Amino acid sequence: MGGLNEQQLTKISRFLSLVLRHRPEEVGLKLDAEGWVEIDALIAGAKRRGMKFDRRDIEQVVATNNKQRFALSPDGLRIRANQGHSVTDVDLNLTPIEPPAQLFHGTVARFLDSIREQGLLKGNRQHVHLSADRETAQQVGARRGKPVVLVIDAAGMQQAGHAFFRSANGVWLVEHVPKEFVL
Ligand code: HQG
């Protein structure tokens, strides 16, 4: 494996994020109930939009992606995004698991007033994304400017009945973080 360079890998990864998380209709596809699409159909649909890649290229993207954004089905015929969907109704079959005592959320100063008022909202994603460590949260926040890392009282939230999930690529997911759990 390894035919594609960094730039080609990033281009395909961005395209897969768009299609598998947000706009499958762009390439004439529908995600199934668990977010999967047939790789053959994806390749054909992408080709019609001028994006050329084959199965080996997809396998290289999945294997090398820095955040393990995608997963192949056990039979290797389908692919899905591990998290980050804005398409509604995708059931990732996540089972609630016990979180560490604290989790982290990376954001920027301009959102803080609103976060203090409303807690963390999922916006157009399916979940609020939390990180297991400060460094990761810092990187998430830095996508928008000077990062601010918030500490979340995950243990307290769980005691209060909030379900925590962890995606296949290690992102912690919750429906909402009420403001009292933003430390
Ligand atoms: C903010 C990347 C105002 C929140 C990363 C964030 C992550 C509020 C933004 C993944 C708010 C939403 C997700 C409130 C939350 N008022 N602002 N009440 N509640 N916000 O991109 O967590 O590269 O939807 O702080 O690694 O930044 O895509 O979420 O700044 O895992 O794989 O609203 O995206 O992964 O932004 O990032 P996003 P996020 P990928």
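Both ligands and their constituent atoms are indexed starting at 1 by order of listing. Bear in mind the structure is a predicted one, so any value in this text is a computation, not a measurement.
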What residue and atom, counting heavy atoms only, is the protein's closest point to atom 27 (O) of ligand 1, and at what distance?
-> R143 NH1, 2.9 Å

Would you mind listing which atoms of ligand 1 come within a distance below 4.0 Å of any non-hydrogen atom of T107?
-> 4 (C), 25 (O), 30 (O)

Taking side chain as C-beta onward, heavy atoms only, is S131 less than 4.5 Å from V140?
-> yes

Among non-hydrogen protein atoms, atom 11 (C) of ligand 1 lies closest to I115 CG1, 3.5 Å

For atom 19 (N) of ligand 1, the protein heavy atom that lies nearest, with its residue and separation = L121 N, 3.0 Å

In this structure, atom 16 (N) of ligand 1 is nearest to the protein heavy atom S114 OG, 2.5 Å

Given that the side chain starts at C-beta and the backbone is N, CA, C, O, which of these parts of V140 lies under 4.0 Å from ligand 1, counting heavy atoms, or is it both or neither?
-> side chain

Roughly how far, to the nearest 0.5 Å, is the CG atom of L42 from the CZ atom of F53?
-> 4.5 Å

Just need the protein heavy atom nearest to atom 35 (O) of ligand 1, so name the residue and atom and give the distance.
-> K67 NZ, 3.6 Å

Any donor-acceptor N/O pair, H162 side chain to G156 backbone, under 3.5 Å | no

Which option out of R69, H129, H105 puts a heavy atom nearest to atom 4 (C) of ligand 1?
-> H105

Side-chain donor/acceptor of N124 to backbone N/O of S86, under 3.5 Å | no

Heavy atom of the protein closest to atom 1 (C) of ligand 1 (residue, atom name, distance) = F111 CD1, 3.7 Å

the protein heavy atom lying closest to atom 30 (O) of ligand 1 turns out to be R144 NE, 3.1 Å

Hydrophobic cluster partners of V174 (side-chain heavy atoms under 4.5 Å) = I97, L103, V108, F111, L112, I115, L120, V128, L130, V148, L150, I152, M157, F164, W172, V177, F181, V182

Give a yes/no verdict on whether any heavy atom in S17 is under 4.0 Å from an atom of ligand 1.
-> no

Check ligand 1 against G119 and write out every atom of the ligand that is under 4.0 Å from a heavy-atom position of the residue.
-> 14 (C), 18 (N), 19 (N)

Just wondering, more than 12 heavy atoms not from R55 lying within 6.0 Å of its CZ?
-> yes

Any donor-acceptor N/O pair, R80 side chain to L20 backbone, under 3.5 Å | no

Considering only heavy atoms of L120, which atoms of ligand 1 have at least one such atom less than 4.0 Å away?
-> 15 (C), 19 (N)

Do me a favour and list the nearest non-hydrogen protein atom to atom 24 (O) of ligand 1 with residue, atom name and distance?
-> R125 NE, 2.8 Å

What do the steps show when you test Q118 against S114 for side chain to side chain donor-acceptor pair (under 3.5 Å), and what is the final call?
-> CA-CA 6 Å; Q118 305 178 291; S114 166; 2.9 Å; yes

Name the option, out of R21, R14, Q83, that contains the heavy atom nearest to atom 32 (O) of ligand 1.
-> R21

Side-chain donor-acceptor pair present, Q68, N82, cut-off under 3.5 Å | no

Working to the nearest 0.5 Å, report the span between CD of E175 and NZ of K122.
-> 3.5 Å

